[in-house]
Amino acid sequence: MKHWIYNWKKTLLMVVNSLLAVYLFFAVTSFNEPVDGDELVCSQVKIDIKDAVVDGFLNANEIKAILQRAKIYPLSQPMDRIDARRIEDVLKSSPFVNDAQCYKTQSGHVCIQLTQRTPVMRVKAENGDDYYVDNHGGVMPNTKYCSEIMIATGKVSRQYACKVLTKLGNTIVNDKFWRNQIVQVNVLADGTVELVPRVGEHIIYIGYPTGLNEKLARLEKFYRYGLSEAGWNKYSYINLAFENQIICKKKQNNISI
């Protein structure tokens with residue numbers, strides 16, 4: 001009799017545990033399953049634009065505007081209807097975007113990370129062309145002002161800008177001293193180059209833009225140990241075209257240093 005009661009209690013306990021397990025399974029499933037009107041929506045869009053050496057064309061508001069024009073800005077949209085690949089493709093089609101990545105989180109956030117093409121020089125050529133060249137030699141349309149960037153003037157063809165001025169621009173913008181000092185590049189008819197500095201009333205002639213690092217290093221020494229003593233406005237023309245020397249023009253007088 002006792003044995004029968006023990007088995008009955010054991011059987012009842014097993015049945016109760018089984019029912020409890022089934023209940024918990026359905027309860028958890030029902031809790032995680034969205035109901036009509038309560039599906040997860042995008043509550044925040046995070047836009048991260050990687051820093052560049054010079055200021056570019058893009059900011060978070062511009063990215064938002066691009067996606068809004070394409071009618072795919074994800075804020076407040078159901079997460080399961082947001083196409084991250086479509087967002088990437090639209091952003092990559094911009095002439096100012098180098099690369100774009102987009103992903104969604106379980107918390108309802110859409111994260112957008114992108115790198116922009118880096119403009120190194122604006123070309124305002126004698127023939128009327130007006131555009132930017134980037135750090136890889138690509139042409140970027142002149143659709144928006146980019147602050148604190150060198151301007152190239154004179155006899156500038158697109159081929160010259162992409163192959164020659166890009167190298168010159170990269171050399172200057174990647175050096176903090178020259179990035180702050182050089183504001184204009186003027187290309188002469190024979191392809192040689194003049195630089196216009198921010199400080200001083202002189203023009204810097206570098207000849208053909210080759211051996212740039214050596215020429216600029218020589219000029220920096222002259223700035224530090226020559227002009228700092230003689231005065232920044234003493235010379236009107238500084239010629240770096242000849243190896244291992246600097247020729248300066250002082251009004252009507254030429255002196256060699």
Open item on the list: Under the criterion salt bridge (Lys or Arg N to Asp or Glu O under 4.0 Å), I'd like the reasoning laid out for Arg69 against Glu62: C-alpha separation, chi angles, the key distance, then a yes or no.
Closed with: CA-CA 11 Å; Arg69 287 194 292 269; Glu62 182 63 25; 3.8 Å; yes
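- A chain of hydrophobic side-chain contacts below 4.5 Å, direct or via other Ile, Leu, Val, Met, Phe, Trp or Tyr residues, connects Val110 to Ile49.
- Arg218 CZ to Gln245 CD: the interatomic distance, rounded to the nearest 0.5 Å, is 7.5 Å.
- By the 6.0 Å contact criterion, CZ on Phe177 is enclosed, its count of non-hydrogen atoms from other residues, nucleotides or ligands being greater than 12.
- A single hydrophobic cluster is seen to contain both Leu40 and Ile82, as judged by linkage of ILVMFWY side chains at heavy-atom distances under 4.5 Å, directly or through other members.
- Taking the side chain as every heavy atom from C-beta outward, Asp129 and Val156 never approach each other to under 4.5 Å.
- Taking CD1 of Ile206 as the reference point, atom CD1 of Ile238 lies at 13.0 Å (rounded to 0.5 Å).
- Of all heavy-atom pairs spanning Cys102 and Ala84, the tightest one is O-CB, 3.6 Å.
- Proximity of Tyr131 to Arg158: side-chain heavy atoms (C-beta onward) are separated by under 4.5 Å at one or more points.
- Leu67 is listed as a side-chain neighbour of Ile112, based on a closest heavy-atom distance under 4.5 Å.
- Residue Glu214 holds its CD atom at 6.5 Å from CD of Glu243, rounded to the nearest 0.5 Å.
- In terms of hydrophobic clustering, with Ile, Leu, Val, Met, Phe, Trp and Tyr side chains grouped at heavy-atom distances under 4.5 Å, Ile203 and Trp178 are assigned to different clusters.
- Among residue pairs with one or both ends in residues 79-88, none qualify as side chain to side chain donor-acceptor pair (under 3.5 Å); sequence neighbours excluded.
- With sequence neighbours excluded, the residues that form a side chain to side chain donor-acceptor pair (under 3.5 Å) with Asp48 are Lys50.
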Open item on the list: Checking His109 against Ser43 for the side chain to side chain contact (heavy atoms under 4.5 Å, CB included) test, could you report, in this order, the C-alpha distance in whole Å, the side-chain angles of both residues, the deciding distance, and whether it holds?
Closed with: CA-CA 6 Å; His109 294 173; Ser43 60; 3.5 Å; yes
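- Without hydrogens or angle criteria, Ser93 side chain to Val90 main chain gives a donor-acceptor distance under 3.5 Å.
- Partner Thr153 forms a side-chain hydrogen bond (donor to acceptor under 3.5 Å, both in side chains) with one of Glu126, Arg122, Gln184 and no other, that one being Gln184.
- Between Lys124 and Asp130, the shortest heavy-atom contact is NZ-OD2, 3.4 Å.
- Among pairs with a residue in residues 199-211, those fulfilling side chain to side chain donor-acceptor pair (under 3.5 Å) read Thr192-Tyr205, His202-Tyr223, at least two apart in sequence or across chains.
- Counting heavy-atom neighbours within 6.0 Å of Lys167 NZ, excluding the residue itself, gives a total of 12 or less.
- Considering every non-hydrogen atom in both Val185 and Met121, the closest pair reads CG2-CE, 4.1 Å.
- Judged purely by atom type and a 3.5 angstrom limit, Gln181 uses its side chain to pair as donor or acceptor with the backbone of Val199.
- The two atoms that bring Cys111 and Thr105 nearest to each other are SG-CG2, 4.2 Å, heavy atoms only.
- Remark: Ile87 CD1 to Lys104 NZ distance equals 8.5 Å, nearest 0.5 Å.
- Taking each heavy atom of Pro74 and Val45 in turn, the nearest pair found is CG-CG2, 3.6 Å.
- Side-chain contact between Asn98 and Gln116 is absent, with no heavy atoms from C-beta onward closer than 4.5 Å.
- There is no path of hydrophobic side-chain contacts, each under 4.5 Å, that joins Val187 to Val196.
- Under the 4.5 Å side-chain heavy-atom criterion for ILVMFWY residues, a single connected hydrophobic cluster contains both Leu188 and Val183.
- If you run side-chain contact (heavy atoms from CB on, under 4.5 Å) between Ile204 and each of Ile246, Leu195, Leu216, only Leu195 comes through.
- Between Asp190 and Lys155 the shortest side-chain heavy-atom distance does not fall below 4.5 Å.
- Side-chain contact between Tyr237 and Glu194: present, with at least one pair of heavy atoms (C-beta onward) separated by less than 4.5 Å.
- In terms of the side chain to side chain contact (heavy atoms under 4.5 Å, CB included) criterion, Val41 has no residue partners (sequence neighbours excluded).
- For the atom pair CG (Leu165) and CD1 (Ile172), the distance works out to 9.5 Å, reported to the nearest 0.5 Å.
- Side-chain atoms of Leu219 and Lys215, non-hydrogen and from C-beta on, never get closer than 4.5 Å to each other.
- Across all their heavy atoms, Val139 and Cys162 have their closest contact at CG2-SG, 3.6 Å.
- The side chain to side chain donor-acceptor pair (under 3.5 Å) search around Glu220 returns Arg224, not counting sequence neighbours.
- Distance check, rounded to the nearest 0.5 Å: CZ of Phe96 to CG of Leu91 gives 13.5 Å.
- Taking the side chain to side chain contact (heavy atoms under 4.5 Å, CB included) definition, one finds that Asn135 meets it with Thr118, Val120, Asn170, sequence neighbours left out.
- Heavy-atom neighbours of Lys92 NZ from other residues, nucleotides or ligands within 6.0 Å: above the threshold of 12.
- Leu240 places none of its side-chain heavy atoms less than 4.5 Å from the side chain of Phe222.
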